[in-house]
There are 2 protein chains.
Amino acid sequence: MKGKTKDVPQRTLERLTLYRRLLNALHQEGARHIYSHELADMAGRMPAQVRRDLMAVGYAGNPARGYEVEGLIKSMRRFLDKPGGQNVALVGAGNLGKALLAYFKGRRPNLRIVVVFDIDPNKANRLIGGCRCYSPARMAQVMKARDVRVAVLAVPAPAAQEVADQLVAAGVQGILNFAPALLRVPESVYVEDLDMTMALEKVAYFSRRGPARKKVSRGA
Amino acid sequence: MKGKTKDVPQRTLERLTLYRRLLNALHQEGARHIYSHELADMAGRMPAQVRRDLMAVGYAGNPARGYEVEGLIKSMRRFLDKPGGQNVALVGAGNLGKALLAYFKGRRPNLRIVVVFDIDPNKANRLIGGCRCYSPARMAQVMKARDVRVAVLAVPAPAAQEVADQLVAAGVQGILNFAPALLRVPESVYVEDLDMTMALEKVAYFSRRGPARKKVSRGA
DNA sequence: CGCAAACCGTTACGTCAGTCACAGCAAGTA
DNA sequence: TACTTGCTGTGACTGACGTAACGGTTTGCG
Ligand SMILES: NC(=O)c1ccc[n+]([C@@H]2O[C@H](COP(=O)([O-])OP(=O)(O)OC[C@H]3O[C@@H](n4cnc5c(N)ncnc54)[C@H](O)[C@@H]3O)[C@@H](O)[C@H]2O)c1
Ligand SMILES: NC(=O)c1ccc[n+]([C@@H]2O[C@H](COP(=O)([O-])OP(=O)(O)OC[C@H]3O[C@@H](n4cnc5c(N)ncnc54)[C@H](O)[C@@H]3O)[C@@H](O)[C@H]2O)c1
């Protein structure tokens with residue numbers, strides 16, 4: 001019973017994934033120990049925040065040596081990852097979808113895109129970026145067979161809600177949505193919106209208003 | 001004297017761009033007036049928050065008819081956009097860069113990608129997605145000639161800092177960063193990080209933890 | 001013309017995340 | 001062994017943001 005994770009704030013989780021990335025790089029370079037202020041520097045945060053974030057994963061550091069890199073990585077893996085890994089589906093093999101597919105190809109061992117869906121008949125039943133592409137009509141069937149519970153949505157905005165409904169019907173519990181559209185899904189389904197247009201407008205706006213801002217970088 | 005914009009919160013600005021998108025669609029459909037609770041429904045927020053956000057743009061609604069759509073759109077344009085529009089540069093014409101280029105092509109009249117930079121000699125001095133592609137060596141020169149102050153960074157992570165330095169040297173004041181790397185830039189430069197990997201890990205994590213979450217969707 | 005209703009603008013409140021500060025402790029030193 | 005040092009873990013503080021509440025105002029109708 002390793003439960004009792006008492007709800008981690010979203011921002012904290014974002015930072016944890018960042019820390020892990022940094023730690024993996026450090027481990028590659030042979031580092032054995034690291035202090036909170038070192039991690040903080042690399043992540044662009046405050047040392048206290050790093051320590052507080054790490055409290056969530058329940059790994060105790062040593063006041064004299066800091067955190068043991070390898071052990072911390074293992075702890076974070078236990079905390080962040082699903083033991084057997086998670087299969088991910090991609091819907092929409094357009095420009096963005098194909099870029100994502102190429103990027104995630106073999107990169108994340110336990111967060112792998114294993115199947116693609118696209119309504120375009122020219123794409124269905126073919127291999128795209130090493131993944132089998134199916135017609136959305138077969139979604140429920142394929143998703144269940146492959147035990148997919150997370151999906152990336154990269155279709156045009158007008159089709160987004162329809163696809164989301166299909167995904168939910170197919171048993172998906174989390175959606176990474178690239179379409180600029182508000183998805184109506186059941187409470188139990190987690191949706192993360194990633195709106196690039198909004199992000200660009202934000203940059204355009206704040207880049208005009210002097211340096212009066214804080215250091216909240218925010219991912220996704 | 002329309003100054004006195006007294007620093008808008010980032011989240012508010014994100015929502016404003018969303019409202020504007022919705023309003024444009026409504027205007028297309030011929031809607032003339034709209035209430036805060038209608039906009040709120042469409043945006044997935046609370047009516048009070050919509051009203052509060054709209055305070056920032058300084059457009060007054062009417063208690064009986066709500067907001068006048070066309071006037072509000074105009075006000076938001078005045079508030080959000082730079083009068084003559086803003087030119088944007090894209091650095092890195094890889095899979096992601098090309099997708100972005102295709103997507104923004106002619107879509108945003110006053111936020112246009114006008115130039116591309118890539119270190120690949122096969123791409124330099126050619127047209128990519130309707131944009132001239134230059135070698136990074138000519139960055140400062142080209143950027144100044146085209147008055148570009150905003151850049152999208154889509155190069156591999158190891159090259160990100162170097163490119164950021166070049167961009168800053170070329171006079172850029174805002175960067176939309178897709179690379180999973182922390183950019184060190186002067187205080188006056190605004191950086192918005194958009195980390196897709198982080199977003200996907202977030203979805204994978206929270207999709208496993210029941211429906212205990214709030215309705216903070218967050219863009220970018 | 002007076003009234004009722006509905007919504008806007010704004011102020012006040014509550015909640016949550018980020019920061020600070022300090023107690024506790026493990027290692028190194030004399 | 002006794003002491004010093006510097007970092008961790010954590011409670012308390014602060015500030016920002018979202019939420020709720022309320023007075024003001026404009027319209028429609030009796
Ligand atoms: N740079 C970008 O590409 C970019 C930038 C910002 C936002 N977006 C958003 O990302 C999404 C995808 O962008 P894109 O450039 O890849 O678009 P795209 O037009 O290149 O690709 C869309 C793909 O989705 C498929 N599709 C359409 N309807 C479908 C359905 N009902 N079921 C399954 N597949 C369907 C199409 O066949 C096509 O292959 C869009 O919502 C867009 O607004 C993309
Ligand atoms: N789906 C995706 O494509 C995806 C997903 C998540 C993150 N990212 C991030 O986005 C960035 C770009 O991804 P991509 O898939 O387009 O990569 P890519 O390898 O397809 O393209 C990178 C491009 O950048 C160019 N480049 C390299 N160094 C450069 C330099 N110093 N100056 C100018 N140009 C240079 C290369 O020539 C290439 O054209 C990466 O940092 C990646 O981590 C991409």
Side-chain angles (χ1 to χ4, degrees), chain A residues 6-19 23 31-69 71-72 75-76 79 202 206 212-220, chain B residues 4 6-16 18-19 23 31-69 71-72 75-76 79 202 206 212-220:
Chain A
K6 56 182 330 204
D7 89 321
V8 185
Q10 298 204 8
R11 296 295 176 85
T12 294
L13 194 92
E14 289 172 17
R15 289 189 294 268
L16 284 177
T17 67
L18 171 57
Y19 301 151
L23 287 168
R32 308 184 83 79
H33 299 281
I34 186 161
Y35 294 117
S36 65
H37 68 264
E38 298 177 284
L39 248 188
D41 277 354
M42 287 186 268
R45 310 287 168 181
M46 309 283 289
Q49 189 168 47
V50 171
R51 292 198 296 274
R52 164 156 292 195
D53 290 339
L54 292 185
M55 282 177 63
V57 318
Y59 185 81
N62 181 310
R65 275 195 283 280
Y67 302 90
E68 203 259 306
V69 176
L72 182 50
S75 258
M76 295 185 83
F79 183 80
K202 213 169 135 184
F206 285 112
R213 83 222 138 78
K214 7 206 181 67
K215 342 201 76 180
V216 185
S217 81
R218 163 65 171 119
Chain B
K4 193 46 171 305
K6 56 182 331 205
D7 88 322
V8 186
Q10 298 205 9
R11 296 295 176 85
T12 295
L13 194 92
E14 289 171 16
R15 288 188 294 269
L16 285 177
L18 171 57
Y19 301 151
L23 287 168
R32 307 184 84 80
H33 299 281
I34 187 161
Y35 295 117
S36 64
H37 67 264
E38 298 177 285
L39 249 187
D41 277 355
M42 287 186 271
R45 310 288 170 184
M46 308 284 287
Q49 188 168 50
V50 171
R51 293 199 296 273
R52 190 197 190 81
D53 290 339
L54 291 185
M55 283 177 61
V57 318
Y59 185 80
N62 181 307
R65 276 195 282 281
Y67 301 91
E68 204 259 306
V69 177
L72 181 51
S75 259
M76 294 186 83
F79 182 80
K202 214 170 134 183
F206 285 112
R213 81 224 141 78
K214 5 202 181 70
K215 342 201 75 180
V216 184
S217 82
R218 166 63 174 112

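Every chain is numbered from 1 and lettered A, B, ... according to where its sequence line falls, protein lines coming before strand lines. Atoms considered below: every heavy atom in the structure, side chains included; atoms not considered: hydrogens, waters and symmetry mates.
Between A:Leu72 atom CG and D:dT8 atom P the separation is 11 Å, expressed in whole Å. If you measure from atom NE2 of B:His33 to atom C1' of C:dA6, you get 16 Å, rounded to the nearest angstrom. When rounded to the nearest whole Å, the span between CD of B:Gln49 and C1' of C:dT10 equals 15 Å. Nucleotide C:dG9 holds its P atom 12 Å from the CG atom of B:Asp53, rounded to whole Å. Summarising the geometry, the separation between CD on B:Glu14 and P on D:dG18 is reported as 9 Å, rounded to the nearest angstrom. Following rounding to the nearest Å, B:Gln10 (CD) and D:dG18 (P) show an atom-to-atom distance of 11 Å. The CE atom of A:Met55 sits 15 Å away from the C1' atom of D:dC7 (whole-angstrom rounding). Going from atom CZ of B:Arg45 over to atom C1' of D:dC17 covers 12 Å, rounded to whole Å.
In this model, the phosphate group of D:dT8 is not approached by any side-chain N or O of A:Asn62 to a distance below 4.0 Å at OP1 or OP2. Checking the phosphate oxygens (OP1, OP2) of C:dC8, a side-chain nitrogen or oxygen of B:Ser36 falls inside 4.0 Å. Of the side-chain N and O atoms in B:Arg51, none sit less than 4.0 angstrom from OP1 or OP2 of C:dG9. Put simply, A:Tyr67 has a side-chain N or O that comes within less than 4.0 Å of OP1 or OP2 on D:dG9.
A:Arg52 contributes a side-chain N or O that forms a donor-acceptor pair with the base of D:dG11 under 3.5 Å.
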* Asked: Going through the distances and angles, do A:Tyr67 and A:Leu39 end up as a side-chain contact (heavy atoms from CB on, under 4.5 Å)?
  -> CA-CA 10 Å; A:Tyr67 302 90; A:Leu39 248 188; 5.7 Å; no
* To do: Assess whether side-chain contact (heavy atoms from CB on, under 4.5 Å) is satisfied between B:Leu72 and B:Met76, documenting all intermediate values.
  => CA-CA 6 Å; B:Leu72 181 51; B:Met76 294 186 83; 4.1 Å; yes
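Rounding to the nearest 0.5 Å places CZ of B:Arg15 at 9.5 Å from CZ of B:Arg52. Atom CG of A:Leu16 sits about 5.5 Å away from atom CG of A:Asp53, to the nearest 0.5 Å.
Among the heavy atoms of the strands lying under 4.0 Å from B:Met46 are primed sugar atoms or P, OP1, OP2 only; no base atom is included. A:Arg65 comes within 4.0 angstrom of sugar-phosphate atoms only, judged by non-hydrogen atoms across all strands, and of no base.
Nearest-nucleotide positions on DNA chain D place A:Ala64 closer to the 5' end than the other of A:Ala60 and A:Ala64. Mapping B:Ala48 and B:Pro63 onto DNA chain C via the closest heavy atom, the residue that lands nearer the 5' end is B:Pro63.
Between the side chain of A:Gln49 and the main chain of A:Met46, no donor-acceptor pair closer than 3.5 Å is present.
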